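Presented below is the structure to which this report refers.
None of these values were measured; they are calculated from a predicted model. Throughout, protein chains are lettered first and strands after them, A, B, ... in sequence-line order, and every chain is numbered starting at 1.
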Amino acid sequence: MEYAFRNIERKWQENWKASNAYKVSNESAKPKYYVLDMFPYPSGAGLHVGHPLGYIASDVFSRYKRLKGFNVLHPMGYDSFGLPAEQYAIEHGIPPAVSTDQNIATFRSQLDKIGFCYDWEREVRTSDQDYYKWTQWIFLQLFDSWMDRKLQKARRITELITSFELEGNASHPCPGEKNLSFTTAEWLAFSEKRKAEILMQYRLAFCGIGEVNWCEALGTVLANDEVINGVSERGGHPVVKKKLRQWYLRITEYAERLLAGLQTVDFSESMKDMQSNWIGKSFGAEIDFELELLDAPAEGKKLKVYTTRPDTIFGIDFMVIAPEHELVASITTAEQSTAVASYIDYVNSRSERERMAEKKITGVFSGTYCKHPFEDRSIPVWISEYVLAGYGTGAIMAVPCGDERDFKFANHFNIPITNIIGSFYDGTEANPTKEARLENSGFLNGLLMSEAIAVALDKLEGLGIGKRHTNYKMRDAAFSRQRYWGEPFPIVWKDEVAIPLSSAELPIVLPPMTDLRPGPDAQGPLANLPEWAAYEGGTREVNTMPGYAGSSWYFLRYMDPNNTEAFCSREASDYWGQVDLYIGGTEHAVGHLLYSRMWTKALFDLGYIGFDEPFKRLVNQGKIGGDSRLVYRIRGTKQFVSAGLKDQHETDELHVDVSMVDGLDLDMEAFRKWKPDFAEATFITEFGVYKCGSRLEKMSKRYFNVVNPDDIVERYGADTFRMYEMFLGPVEQDKPWDTKGIEGVHRFMKKLWRLFFDVEKGAVMTDATASDAAWKAFYKMLKKVEEDTARFSFNTAVSSFMIGVNDLTDLHCHSKDLLAKFLVVLAPYAPHIAEELWVVMGQAGSVLDASYPAVEEKYLVETSKEYPVAINGKTRTTLTLDVNASQADVEALVLVDPIVMKWLEGKPPKKIIYVKNKMINVVLG
RNA sequence: GCCUCGGUGGUGGAAUUGGUAGACACGCAGGACUUAAAAUCCUGUUCGCCGAAAAAGCGAGUGCGGGUUCGAUUCCCGCCCGAGGCACCA
């Protein structure tokens, strides 16, 4: 009887579906375990063999946990809103809803063939009304909240209003407009519209004015990467910066908690690192400098800078403010006005991309000076694009001897440089050290810079001209898109005030549209539906939410997917709690992961869930690369030369479809039929074989190196495919796909099958109990497989299975008692064959619900062990010793060993090192 | 430039706490079975030296150069290379 994997796998997939084998209940006496995959965007390309890597790992782990007695939640769904579907619609006229459904159907059929244990009754799609209703609802909660910085907790807007009515905003400085300050009386006197404006500056989801790339010719907003050299990537039309009303999430208010929370989760170092770099916390001071302006009001006389190095304050040679700084106009003197105006024009003409690409040293003197707080000297104030408006105060104090950028700027504009670090500064480059002793630095003279920071801060604070300040690089997250295929906002504008719709009106359904051209005035396509946008004397918000809105909370919906009363009941989220294991790629390091962490914290603050970090443990699966095949066409001909001979000709390299190549050997007939261009191709072969070149690169359609899991499953079966993906190498590592290697795993499956069935003899299983040797081999394997599975070392677990089967084959073990246990251990990796053999063997129930065998240590006890014997650390021989051998026993035996004696040459050894269970080392004199 | 991770046979990789480097596979070579093929099985396979061959032996060896240690793929110092992330963040 052969291993008929196709029949077996089809049979069990249907069977499990019919019996609801993977249905998960929220009520269970078992401990819970939540295993989550990052859900896919259902692209038109379908899955290639790289995608399921993480899914297989999480599936193996889920099944393992289930066998270990856990109630395991392991769901799957689709992140189905997004740009590609919209672009596809524009190009092909197929509505996003239609193409998305088709794509999902393809994904589902591919996933089903691999035999995952998802509970499909919990599937979510972010573009479903029943789902995005709750995305909109959560948006309303964020809109209705503000961050109480003292409590570090989001609170309701009504509580903020109460506080304003009692004491103005004295206790709660405005996160938006920093200088905003008002009393109770002033608050009460504000118009309703002004009140709304002020509250908007506090909301966690808020609307504000932001700069976007606007292309008039295309009538649309472009992302930064769609703009090249100031013109649109498509069509080369001019692009200008335009200030537009945009929605944002005030994620900066969570910066500190997002940073602190990283200490409590099990993410990789690099992942934590990427997130904390993105948050970019720094400590320093904001310092006020008095501007030497003749006729300015007292308020306008201050220039506020941010610095992390207040110790260098005596080294200031000039000040720099960003071109967008609000003081630019008021500090520009008459003499400099022309120069400044042309500089500002120049800056505005440069796109973000150009600014990043070519870092030219540019700037202009404003004509104004400010006073040094401790010395009698005037400091020129310059304007330059190297200072960013959005970070700190948009103004810096420049210390050229200690800062490279300041140094280059000073050199470029011939500004004299003050040296405050003596020999640490050599005049040719800046030295950012903190280890120098300060010179030319007034009250800081003689202090080590690292110590002077605190001294300077104390002095500045004492004088009331500076304040300790913490800064973050992270910006508030843009939350609106001028697009169609996303969640509509539950917001109506009336008299320029954003009015939230009530929860009862949700969902705000995305109206069907076929023409997805952008609306007027940089609005999304929805603006073209005035009858939809009109709402009781107001106008609906016509922009939509970005792709990350729906993915920020999907893990909660899986817990309670059909709830019509809430996004997820508190009972459900209390039961399932945090995601115990989250598997996905690193590409979402600073996007999705930060957003979902923020949403979780907000929902926690508002009392909707009981935990404030969504993912307890994160594992990042590596990418599987494609192994491309190349052919070489002799330039200007239709003749192709084999890789080994290509150096004899001038050739052009072409990618060929990997499916036409066996190893490196090209199927020349298939190649001729592949494309009309190649129909008349001729070949210069090596002994009749055309050898292709190969290269590892990204798996992509354009390299023709995409391998579809469907083809692999059809040829070798899902179990082989699953085990092979796991066998390839550590899950977290990037690695190339090599279809040839799968043969080894498939051989293993067949060898395993032969423990149960012989091709001629049929069933070979016996009721006789297994030998001690077989049990020993089995328990050794079990121990290793279990340890390896638990630590996500799936590749070594697979090799342990191979060793186990090799051993049992050598021992001719066909005992049912042992093999039944074996199948349970195998089931997480290869569920179909395990279930088939389990049932054929006459075991009760399903192997999916069996209980994981425990290691019986008695079979693993050794009485003797073969020790390596090293001479001076180099292994020369082995010696079999009783496990309880003492140092004296060992020495006695070692000294009479012929090989050791040869090395000793009659002299006594200096030392004999014996480490029990490890090794013996003889140190020569 | 900064941060993180990595570098082991022809290939993917193993060695979990400093203790027999190369498990398990792929590939390759040779062999068995077969009319033949497929399938299956067996043997060998880090490199070099010595040898007709086998056995045995010797030397080198985990990117490079040092160090600690009886002993280093593993720990420390200094480099080189690769991947990813960030990047005028004051």
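- Within the nucleic acid shown, A:D403 has no heavy atom closer than 4.0 Å to any nucleic acid atom.
- Within the 4.0 Å cut-off from OP1 or OP2 of B:C26, at least one side-chain nitrogen or oxygen of A:R747 is found.
- As a whole-Å value, the separation of A:H588 NE2 from B:G84 P is 17 Å.
- Nucleotides B:G10 and B:U46 place their C1' atoms 11 Å apart, quoted to the nearest Å.
- Atom name C1', nucleotides B:G18 and B:U69: the rounded distance is 9 Å, in whole Å.
- In this structure B:A37 sits in no base pair that meets the Watson-Crick or G-U test at under 3.5 Å.
- In this structure, a donor-acceptor pair under 3.5 Å is absent between the side chains of A:W278 and A:S276.
- One finds a side-chain N or O of A:N806 lying less than 4.0 angstrom from the OP1 or OP2 phosphate oxygen of B:A25.
- Salt-bridge annotation for A:D738 and A:K740: absent, with no side-chain N of the basic residue lying under 4.0 Å from a carboxylate O of the acidic one.
- Between A:R6 and A:E714 there is a salt bridge, since at least one side-chain N of the basic residue sits less than 4.0 Å from a carboxylate O of the acidic one.
- Regarding contacts with the backbone of B:C2, every side-chain N or O of A:N277 stays at 4.0 angstrom or more from both OP1 and OP2.
- The distance between the ring centers of A:Y829 and A:F801 falls below 6.0 angstrom.
- Note on A:W737: every side-chain N or O is 4.0 Å or more away from OP1 and OP2 of B:C26.
- A distance of about 5 Å separates the C1' atoms of B:U62 and B:U73, rounded to the whole Å.
- For A:K750 and B:U40, the shortest distance from a side-chain N or O to OP1 or OP2 is below 4.0 Å.
- Pairing partner, B:U62: none, since no Watson-Crick or wobble contact has both distances short of 3.5 Å.
- A distance of about 26 Å separates the C1' atoms of B:C70 and B:A14, rounded to the whole Å.
- Residue contacts shown for A:E787 include a base, since a base heavy atom lies under 4.0 Å away.
- With P as the reference atom, B:A37 and B:A54 are 27 Å apart, rounded to whole Å.
- At whole-Å resolution of the value, CD1 in A:I871 and C1' in B:G19 are 15 Å apart.
- Backbone-only engagement by A:W903 is indicated by non-hydrogen atom pairs under 4.0 Å involving sugar-phosphate atoms exclusively.
- Note on A:Q733: every side-chain N or O is 4.0 Å or more away from OP1 and OP2 of B:G6.
- Nucleic acid contact class of A:Y472 (heavy atoms, under 4.0 Å, all strands): none.
- Nucleic acid contact for A:K735: sugar-phosphate only, since backbone atoms but no base atoms lie under 4.0 Å from a heavy atom of the residue.
- Residue-to-nucleotide proximity on RNA chain B shows that, of A:K740 and A:S793, the 5′-proximal contact is made by A:S793.
- Counting non-hydrogen atoms under 4.0 angstrom, A:S268 reaches nothing in the nucleic acid.
- Separation of the P atoms belonging to B:C76 and B:G44 is 39 Å when rounded to the nearest angstrom.
- Along RNA chain B, the nucleotide nearest to A:W278 and the one nearest to A:T796 differ in position, and the one closer to the 5' end is contacted by A:T796.
- A:R475 has its CZ atom 13 Å from the C1' atom of B:C86, to the nearest Å.
- Distance check on atom P: B:C2 versus B:G78 gives 13 Å, rounded to whole Å.
- For A:Y867, no side-chain nitrogen or oxygen approaches OP1 or OP2 of B:U20 to under 4.0 Å.
- Using a 4.0 Å heavy-atom cutoff across all strands shown, A:I803 reaches sugar-phosphate atoms only and no base atom.
- In this model, the phosphate group of B:G57 is not approached by any side-chain N or O of A:R876 to a distance below 4.0 Å at OP1 or OP2.
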